[in-house]
Amino acid sequence: MNVPDVFPPEIRARLKRDHEYDDAYRIPAGDLDVLVASYPGGSSVTPHRHHDMDIVGVVVEGSVRLTVDGDERTYGPGAWFHVPVSAEHAAVYESTTVEIEFMFKR
């Protein structure tokens, strides 16, 4: 799935390719960035921290196994997740997964 194609033109026009992931796009909006991304099945994001943002996200399609400060949970379509500022987190995508993440800058 090409992520921009699922959005109407008003949103597609504001999407900026994210430098970290092949099929991830950001909409910068002051103290909030919106990330829309598609992660291929079998991919993962290694443990890391963001010292400057809280992340609240929703799975649109697929699922993510998310570990936040050692607590592992799996989220499917329609499920919301939260990664607090400075929390160590990692993700595993067993199937192609589309997410929308709201990154609140601190």
Assess whether side chain to side chain contact (heavy atoms under 4.5 Å, CB included) is satisfied between H48 and E88, documenting all intermediate values.
CA-CA 5 Å; H48 64 285; E88 183 178 81; over 6 Å; no
Can you name the nearest heavy-atom pair linking [X] to [Y], along with the distance?
X	Y	answer
H82	V68	O-CG2, 4.2 Å
R14	P28	O-CD, 4.4 Å
A91	L66	CB-CD1, 4.2 Å
S95	G62	OG-CA, 4.0 Å
L35	A24	CD1-CB, 4.0 Å

For the pair I27 and L15, evaluate side chain to side chain contact (heavy atoms under 4.5 Å, CB included) and give the outcome as yes or no after the intermediate values.
CA-CA 5 Å; I27 301 173; L15 294 174; 3.5 Å; yes
Would a hydrophobic clustering, with Ile, Leu, Val, Met, Phe, Trp and Tyr connected at side-chain separations under 4.5 Å, put V58 with V56?
yes
Identify whether V36 and F102 are in the same connected component of the hydrophobic contact network (ILVMFWY, side-chain heavy atoms under 4.5 Å).
yes
Side-chain heavy atoms of [X] within contact of [Y], under 4.5 Å:
X	Y	result
H89	F81	no
R106	D54	yes
V59	T97	yes
V64	R73	no
T96	Y39	no

Trace of the side chain to side chain contact (heavy atoms under 4.5 Å, CB included) decision for V34 with I100
CA-CA 7 Å; V34 179; I100 301 173; 4.0 Å; yes
Looking at residues at least two apart in the chain, or sitting in another chain, which of them share a salt bridge (Lys or Arg N to Asp or Glu O under 4.0 Å) with E94?
R65
Sequence neighbours left out, what passes salt bridge (Lys or Arg N to Asp or Glu O under 4.0 Å) with D31? Give chain and number order.
none
Look up atom [atom1] in [X] and atom [atom2] in [Y], then write down how far apart they are to the nearest 0.5 Å.
X	Y	atom1	atom2	value
D52	F104	CG	CZ	13.5 Å
Y93	S44	OH	OG	9.0 Å
S38	E61	OG	CD	7.5 Å

Identify, with sequence neighbours excluded, every residue that meets side chain to side chain contact (heavy atoms under 4.5 Å, CB included) alongside M53.
H50, I55, M103
For D33, is there an ion pair with R26 - N to carboxylate O distance below 4.0 angstrom?
yes
